[in-house]
Chemist: 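Submitted below is the structure of interest, expressed as structure tokens.
Just so it is clear: chains get the letters A, B, ... in the order the sequence lines come, proteins before strands, and each one is counted from 1.
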There are 2 protein chains.
Amino acid sequence: MLTEERWGAILELVEREKAVSVPELEKRLGVSASTIRRDLTQLNSLGKLIKVHGGATSIGTQYVGKDLTMDEKYLMNSDEKMDIARYAAELISPGDYVYIDAGTTTEMLVDCIREQNATYITNSLTNARKLVRKGFKTFLTGGEVKGTTEAVVGAEAAEYLRKLHFTIGFWGTNGVSAEDGFTTPDQNEAMMKRISMGQTTKRYILCDRSKFSVVSPVTFADFEDAVVITGKLTDKKYKKYENIMEVTK
Amino acid sequence: MLTEERWGAILELVEREKAVSVPELEKRLGVSASTIRRDLTQLNSLGKLIKVHGGATSIGTQYVGKDLTMDEKYLMNSDEKMDIARYAAELISPGDYVYIDAGTTTEMLVDCIREQNATYITNSLTNARKLVRKGFKTFLTGGEVKGTTEAVVGAEAAEYLRKLHFTIGFWGTNGVSAEDGFTTPDQNEAMMKRISMGQTTKRYILCDRSKFSVVSPVTFADFEDAVVITGKLTDKKYKKYENIMEVTK
DNA sequence: CCACACATAATCAAATTCAATCATTTTCAA
DNA sequence: TTGAAAATGATTGAATTTGATTATGTGTGG
């Protein structure tokens, strides 16, 4: 496993769980504690996470100490994902019926949303909480809650979705490729994405550059089915497509 | 569990309950009193909460009074609620289909649940999160999320419930009276409670002594419709009823 | 006033975590 | 292929955290 890859995995876990211990990372990534510690030290000095005794916590999750406003967080993490999220949030108009997928990128999107006069529907517990705390009209799909991502998936959720229609929607993805479309590792999540996209008029996929030319096991949509919002494109191959929006801050 | 995580949990509890005792934190977080005391001392000096004899209070409540006496704390009923929750958790058997209502008492119940071989259904985002983090099979009702309680209510949620049947269920209440039954202030929440109780075989209402002889605007069930689990009964009037279980620790 | 239960801070031993170090393996370029 | 640089995993002693214990302090109810 490449170091970069491992760092990505660590950050993903820290973002999702808000806090992870060294032994946990050790088991999930299959490397020694020494390596994990070194990774955490480096990621900490890069400002990507906060190293604490026993493990690490995510930047946003300052349990103690002053809580950071969104802008401060933005400054700390002048991250590609955050630029994408900010841009996407502006696409929401008054009166919209907005579907928001589960995932870390869409979570950032939720943080950036300011449109009060829209209705929000999501299958993510985290996103629903954030939305309702911001005072937005929020709906959650019903069904089985999946442990790892804290999102609702499965037959009931699918049935619930089929009754709704959205004017605009935002999804995350694990891989994007012109040939295989948008892909994700989990069958159930793929189903949720596929159905919700089917019910939506304006479809946007949020993804950072690292997802390009990656193919995960399950395809949930074809490449032409949505507009891709991403940071600076590094792969020339994708320059020619019209449904890619490059956010340049 | 990381120290930071524990601090987060403590602060969340203190914020919500306004006052928590050391033994309660001990039980809910599964660490020793020594550790809790150390945590409180540190959080106190960080200015995140006020340490008082017996536990801690939230910052906001500080000006109201000097230290809370144990009586005052008992009035807040956290300890009693905890005892009730622990007792109720033992009622769940393998294979049960368990409905869990939204609310602070049922939240404590969730903290106490140990039965892995059951399926849990709730309309509370908080409870769903907790359940799924404990590794239990968890379902959430779909529908509109209400801001104040972070629970799902409304027509969709009701429709979702109607399709299900539960072997056992637990509800909170704002008032209990032999004449007016179980009552709550909110119309929508009452509807959720009423419907879910209709789909459940064994019905339990969790409530501390302060709820007796209180009547809120909306009745969601008659007094005979459920077994009441409570702490020590102070009101002699209720001694004669057979559907009241007194948990004496 | 006293006795009782409980809460507290201090102390200690055990367990866990840490940074530093070193040998081994891998990577990359000459 | 060879050698230098980087990454990894194991080891070690120091530091931190934790839970139990104990002596002391605080509040309650007779």
Chemist: With no angle test and no hydrogens, is the base of D:dG9 tied to the side chain of A:R38 by a donor-acceptor pair under 3.5 Å?
Modeler: yes

Chemist: Would you indicate which nucleotide in D:dT8, C:dT11, D:dT16 comes nearest to any side-chain atom of A:T35?
Modeler: D:dT8

Chemist: Looking only at side-chain atoms of B:H53, point me to the closest of D:dT18, D:dT17, C:dT8.
Modeler: C:dT8

Chemist: Check every atom of C:dT11, C:dA19, C:dT8 against the side chain of A:K51 and return the nucleotide holding the closest atom.
Modeler: C:dA19

Chemist: Looking only at non-hydrogen atoms, find the nearest pair between B:Y97 and B:I121 and report the distance.
Modeler: CD2-CD1, 3.6 Å

Chemist: Return the nearest nucleotide to the side chain of A:T3; candidates are D:dT17, D:dT26, D:dA7.
Modeler: D:dA7

Chemist: B:V22 or A:G55: which one's nearest nucleotide on DNA chain C is closer to the 5' end?
Modeler: B:V22

Chemist: Considering only residues two or more places apart or on different chains, which pairs with a residue in residues 27-53 of chain A satisfy ring pair (Phe, Tyr, Trp, His ring centres under 6.0 Å)?
Modeler: none

Chemist: Could you give the CH2-to-C1' distance, from A:W7 to D:dA7, as a whole number of Å?
Modeler: 12 Å

Chemist: In whole Å, I'd like the distance from the CG atom of A:L40 to the C1' atom of C:dT17.
Modeler: 12 Å

Chemist: Rounded off to whole Å, could you give me the CZ-to-P distance for the B:R37 and D:dA20 pair?
Modeler: 13 Å

Chemist: For the side chain to side chain donor-acceptor pair (under 3.5 Å) test, which of B:D101, B:T184, B:T173 pairs with B:K193?
Modeler: B:D101

Chemist: Please state how far atom CG in B:L25 lies from atom P in D:dG19, giving the value in whole angstrom units.
Modeler: 13 Å

Chemist: Less than 3.5 Å apart, any donor N or O on the side chain of B:D96 or B:T167 sitting next to an acceptor on the other?
Modeler: yes

Chemist: May I have the step-by-step check of salt bridge (Lys or Arg N to Asp or Glu O under 4.0 Å) for B:E5 and A:K18, ending in yes or no?
Modeler: CA-CA 8 Å; B:E5 274 181 290; A:K18 306 305 175 201; over 6 Å; no

Chemist: Please report the distance, rounded to the nearest Å, between CG in B:D39 and P in D:dT16.
Modeler: 17 Å

Chemist: Rounding to a whole Å, what distance do you find between B:L2:CG and D:dT18:P?
Modeler: 9 Å

Chemist: Taking CD from A:E26 and P from C:dT17, how many angstroms apart are they, rounded to a whole number?
Modeler: 10 Å

Chemist: Once you round it to whole Å, what is the distance between P of D:dT16 and CD of B:Q42?
Modeler: 12 Å

Chemist: Within the pair A:S32 and D:dG9, is there a side-chain N or O less than 4.0 Å away from OP1 or OP2?
Modeler: yes

